[in-house]
Structures are given as structure tokens and as C-alpha cells.
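Contents: one structure, followed by commentary.
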Amino acid sequence: MNVENIVLDYCRRAAEALYGAQNADLQVSKTRREFVGDYTLVTFPLLRLSHKNPEQTAQELGEWIGANCPEVKSFNVIKGFLNIELGEKFWIEVLQNIQAAENFGFGAPTGRTVMVEYSSPNTNKPLHLGHVRNNLLGYSVAKILQAAGNKVMKVNLVNDRGIHICKSMIAWQRYGNGETPASSATKGDHLVGNYYVAFDKAYKAEIAELVAGGMAEEEAKKEAPIMREASAMLLKWEAGDKSVRDLWATMNGWVYDGFDVTYKEMGVSFDKIYYESQTYLLGKKLVEVGLEKGVFYRRADGSVWIDLTSDGLDEKLLLRADGTSVYMTQDLGTALSRYEEFGFDDMTYVVGNEQNYHFTVLKLILKKLGYAWSDAIYHLSYGMVELPEGKMKSREGTVVDADDLMASMVEEARVMSSELGKLDGLSEAESFAVSRKIGLGALKYFILKVDPRKTMLFNPAESIDFNGNTAPFIQYTYARICSLERKAGQAESVDLKVAISSLDDKEIEIVKLLAEFPATVVAAAADHSPAVVAAYAYEMAKLYNQYYHEHPILREGVSASDRALRLSISLVVARVILSAMSLLGIEMPDRM
RNA sequence: GGCGCCGUAGCUCAACUGAAUAGAGUAUCUGACUACGGAUCAGAAGGUUCUGGGUUUGAAUCCCAGCGGUGUCACCA
């Protein structure tokens, strides 16, 4: 089904027949628009074997292919490039195959088990724009890997313990007066986040006071009463103190309720949720193993380290002197227990690029411990989302809250739709559903179309476009095809079974692009990049819009056969667009 | 400072493992069939791919140096 590979195969056969090239490293790419042809072979790599100049080589190859491959209609040579054009019959067949395919674009089962860890929030504050990128990426990558034929497991590792939660707890005890999400009508994660901010405010005030009293700043940071309280609470938590654990469970519960709402609105989900409070002791066994193997070493104070200086890295702590584990130890342990439980072939961590070093070290340590599956770990290291003023800083209040952002996107979509009169005749519930799909779709596409690895800029003032390379543009294209289908159905005038006898240039262009969908999914999966799928969906929608403009379907004077062909092409396009967008987690309205 | 990542139209982003004249969108300007749904389509204009060297038949892409930005260098996660 992958046409590019078919053509590549022709070229391989030609190169072998003419020059005896075995498995030559050939590249075939799409022919650039300004030249005639569908696919292009770059002949430079073959010159060493052909001992001829690029033009002659291309000419010979072209003639061989023309003579031996009946699907090829023509070829032409420009400089060292051999352009190959496939015949109309070939494309008709491709179109028919796509029409008949059950799950077009979705790969056959690979038998591989793939884990994707994403989201992994702290429980002391609500989700913000950075988390949005994380969640959307994780969810979409999981869907893409699944579409490529893998068995996928989405996991979330919630950081539910530590000093940061204690800070919220202390502040709540001091200033909360028993406030609950119910009593204050505040979403739980926001409520707890408010106390985290309250802690920071009180903490700063106390430091200032101590400094004014003559204490050095460094010392004041440690001696501030509220910080001492938080540290003491963490110790109590670790000792299992009942009242601390109860409060901890209650406040975390509020946060989870809040997160659930956010996750649901965002449309993401997980197959398994890990809690760090249950995994933080993992990895200690691994430390023993490492010590036995001599990979780790113990210092005089009892702490355990690994020396990575010979690999150009630092020394890394793995166990504190008091015997408690650190982040790295936990992650090592979690990875091992996951491998033992699920035997993954690929373990993708969707984590910001600020943790690049951590994952480099993680993989290296596992390798040194002798775990070959260390290579299966992939850190999908995404870039930060920046605001025009620079990085988001929760302490400076320059965060873009996830809930607020989603709500404002939906609202903006509603206003715009209603101005355009798109919501006329729809019930309140229907308009809301449509606005929601458009607003959230715009947001998701805006984030996912960017290469995950790159830092991206989000300008709240300019907000998100609804025209151009956006989800609403693609959704609109889709909704219009749905409308055509409804009308054609009512008219009962279109018989889709009419045999396809010819395709014009634009139609061939569409079929060509349609045929690329499976390869796009595979490439996106290999690359762990939804951006590839987004680009494809846009390209498809754009091309179809051009086609739509030039090819009337339900207007008078269109012959029955043209009508059938155009409508069936439209329906296939709609199906593929729907599939592609679903890989991005974007819902498609059938009217908008 | 050590290590890493990034630098492409005014702006936001593309360009698969090096390949033909570096592409879209947006903003600006000009147009489009009596709107099968105009959130559409066509066109114009917009570039020394940060700078300087190098490798190559060929460099935005690979190598070196510099400049600018950013991340990290916690017994936080």
C-alpha cells in the first residue's frame, strides 16, 4: 500500500539489473510540485556503480523501469533526478483499495508492548500550560503507537509525597479554618494550590523578618518557623503519623478530584496510575545489587553513589546516609518493576527537557547494572512552553492555568461560532458541544503541531487562531463533507457504486496523499511525534479544499458518474481526516 | 565556568537519514464562481537559514570557532 516503497522497489530492480547493485542505498522522494512526475529517484549515490554521468544514469534507469514496470506511465530526467510518473489505472486501484480497507492507516499488530508515562503531576498545585503540553503529547503519542500496531499502556506516576505537599498542608492548618472544596466551591487542586501560594508568601515574610532582625539570608531560609514546621511534618509523614497521614490523604483526595475534572475535559486517560508514596521505597534492592557488582560504592557516611566521571558525567547519589532513597533510586526501581511486570519493548517517558540529564543517567546506570532493556527507554523530551515575557513562573503568578485556558478557548469558540451564525438552530446543549470541540481542538492542534522537542511560544494576548493551519480549519473541512453526505443521502440521487473510470490530476494528487497516511502513522510512531500527523491532516484538508472549489458535487449539471466519484473521494478524505485527528485526541464535529 | 539543546519571512512554525528554485500559516496588498456551507479559494509581496571557516558533486541539515538565547550542574521530583 505504501506507494513510495513500490517505486523504490522498481528503482532497486533497475539498479540491480543495470549495475548489479545489491541493496543499494537508494532514496525515493515525492516529486516536487514544479516537475512532472509522482516520485523521484536521486541518482547521485549510484554514479559510483554506473560509471556514467548523472543524466545518462537516470536515463538508463528510467528506460529500464519504463520497459519493465507496466504501472509506470512515463519518466523524465532533470539533472541527476529521475522523475517517475505512475499511470491513472494504478491510482484508481489505490483508491479502491483504500475505500475497501477496514482500518485504513492502522498497522497490523507488531506484538510489541509499549508503555507511555506522561502527566506525572505534583499534588500541590493545579495543572498549567506546561502540563497541557505534556498531557496532550503523551496521550497522542500513545494513540499513535497503538495505531502503528503496538499494545500500549498509558501510565501516570503521581508525585504525591514530599516537602511540597507538606507546605500546602501547613498553610491550610494555619490559615484554612477548615475550608474544603465543598465549603468554598473551589476545585480541589486549585484550593490546595492556593495554600501552596499562601505558604510561600508567609515563608517570604518570615525570612524578611529574620533578616531584618540581623540573621543571614541563608540561615533565615532554614530557620523560618513555617519551613521548620513543614520539615517536621515531612518527618512525621515518613514515620507514618496518623493525623498527618489523614490530612495528607484528605488534601490529596481534593487534588485528585480536581485533576479528574481537568483530565476529563482535556480528554486524556490512563491505564494505570502509580503513586510515588507507594513506589518511593523501590530501588533499594537495586542499590544492593549495584554494590555487589561493584557498580556503586559506599561512602564513609553510609551514602551510596555511582561514579560516572569516566562517561563524562558526574558522581550521582543513589541512597542518602540515612538510608532513604532519592528520585533516581525510585525511578530505577520503578523501571525495573515495570519491566518485570510487563516486559515492555519500549518505555517512553514524556518529561520536559529540563530532565535530560536525569534520563541520560538513568539509562546509563541501568546499562551498567547489566539490563539490556535500558535501550528500550525513550525520553520524549519536550520543550518548555514560553510566554512572551519569558518562562512561566508559578511564584510570580505568570502561569497559564489549564482549566482557565480550556474554558476560555471554548468560550472564544462559542462567541466566534455564534457571530458567524454557525450555532443558529442548535439547542443550548448542541451549541456547547460544538463550541467545546472547536475550542479544545484549536488548543490541542496549536500545541501538537509543533515539534515536541522544540521550545514553543504561547501568546495569550493573540491567543489561538481559528483560521489557517488550525484544527477548526480541518474540522470545518470535515463538517462540510458530512453535510454533503447528509444532503446526498436526502436526495437519494447519488449511487456510490458507479465504477471509477478516470481520475483528473487533482484527484490523483488526493489519492496520492491519501495513500501516504499509513506511512505517516508509522513515521510518527517511530519519531514519537504527533506533529507529523498534524501536518498530514492539514495538508489533506488543504488539498481537499482546493479540490472542493473546483469540483462541484451536488450542483446541477454534474453528471451522475462525476457526482459519485467526487462524493466517494470526499468520503474517503473525511474518513482519513477523522482518523488522523483522532490520533491527536481531537474530536470532530459533524456540523459547525 | 562544565555539559546539553536551540537560532529559518515582521510574527508562529515546516523541511524524513545531506539533494532540484528553503515551504506553510498569519499579518499586509489585490482578486474570485448568483456561497453544493465564504471558518473557503486564487494571486502579489516578504529570506545572506545568527556570523565566519571547513567537509562534499551537493549543506538550514555534518565538523570547528565565535555571537545570542535557554536548560542543567540539589542528599527536590
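Reminder, nothing fancy here: chain letters follow the sequence lines and each chain counts from 1.
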Any donor-acceptor pair under 3.5 Å linking the side-chain atoms of A:Arg480 with those of A:Asn545?
yes
At under 4.0 Å between heavy atoms, what does A:Ser120 touch on the DNA or RNA strands: base, sugar-phosphate, or nothing?
nothing
Pairs under 3.5 angstrom, nitrogen or oxygen only, protein versus nucleotides 75-77 of chain B, please.
| from | atom 1 | to | atom 2 | distance (Å) |
| --- | --- | --- | --- | --- |
| B:rC75 | O3' | A:Arg320 | NE | 3.4 |
| B:rC75 | N4 | A:Asp301 | OD2 | 3.4 |
| B:rC76 | OP2 | A:Arg320 | NE | 3.4 |
| B:rC76 | OP2 | A:Arg320 | NH2 | 2.4 |
| B:rA77 | OP2 | A:Tyr327 | N | 3.1 |
| B:rA77 | O3' | A:Glu276 | OE1 | 2.1 |
| B:rA77 | O3' | A:Glu276 | OE2 | 3.2 |
| B:rA77 | O2' | A:Asn159 | ND2 | 3.0 |

Are A:Glu117 and A:Arg338 within salt-bridge range, i.e. N to O under 4.0 Å?
yes
Would you indicate what A:Asn83 reaches in the nucleic acid, counting non-hydrogen atoms under 4.0 angstrom: base, sugar-phosphate, or nothing?
base
For the pair A:Asp189 and A:Lys125, find out whether any cationic side-chain nitrogen is under 4.0 Å from an anionic carboxylate oxygen.
no
Indicate yes or no: does A:Lys30 engage A:Glu4 in a salt bridge with an N to O separation below 4.0 Å.
no
Looking at A:Arg453 and A:Asp451, is any side-chain nitrogen of the basic one under 4.0 Å from a carboxylate oxygen of the acidic one?
yes
Is the NZ or CZ atom of A:Arg133 positioned over A:Tyr382's six-membered ring, under 6.0 angstrom from the centre and within 45° of the axis?
no
If we count only N and O atoms by modelled type, under 3.5 Å, do the side chains of A:Thr470 and A:Asp465 hold a donor and an acceptor together?
no
A:Arg414/A:Glu411 salt bridge by N-O under 4.0 Å criterion
yes
Dump every N/O contact between nucleotides 5-14 of chain B and the protein below 3.5 Å, one line per pair.
| from | atom 1 | to | atom 2 | distance (Å) |
| --- | --- | --- | --- | --- |
| B:rC13 | OP1 | A:Leu457 | N | 2.6 |
| B:rA14 | OP1 | A:Asp451 | N | 2.7 |
| B:rA14 | OP2 | A:Lys454 | NZ | 3.3 |

B:rA39 versus B:rA44 - spacing of their C1' atoms, nearest Å:
24 Å
In plain terms, say whether A:Asp562 and A:Arg555 are close enough for a salt bridge, that is, a side-chain N and a carboxylate O under 4.0 Å apart.
no
With the six-membered base ring of B:rA20 as reference, does the ring of A:Phe81 sit under 5.5 Å away with planes under 30° apart?
yes
Interface polar pairs with nucleotides 37-39 of chain B, N/O, under 3.5 angstrom:
| from | atom 1 | to | atom 2 | distance (Å) |
| --- | --- | --- | --- | --- |
| B:rG37 | OP1 | A:Lys487 | NZ | 3.4 |
| B:rG37 | OP2 | A:Lys487 | NZ | 2.2 |
| B:rG37 | O2' | A:Tyr476 | OH | 3.1 |
| B:rG37 | N7 | A:Ser483 | OG | 2.9 |
| B:rG37 | N1 | A:Met592 | O | 2.8 |
| B:rG37 | N2 | A:Lys422 | NZ | 2.6 |
| B:rG37 | N2 | A:Met592 | O | 2.5 |
| B:rA39 | OP1 | A:Lys422 | NZ | 2.5 |
| B:rA39 | OP1 | A:Tyr476 | OH | 3.2 |
| B:rA39 | O3' | A:Asn467 | OD1 | 3.4 |
| B:rA39 | N6 | A:Ser417 | OG | 2.8 |

Separation of atom CD1 in A:Ile78 from atom P in B:rA20, rounded to whole Å
13 Å
Need one value for A:Gln27: base, sugar-phosphate or nothing, where a base atom within 4.0 Å counts as base even if backbone is also close, heavy atoms only.
base
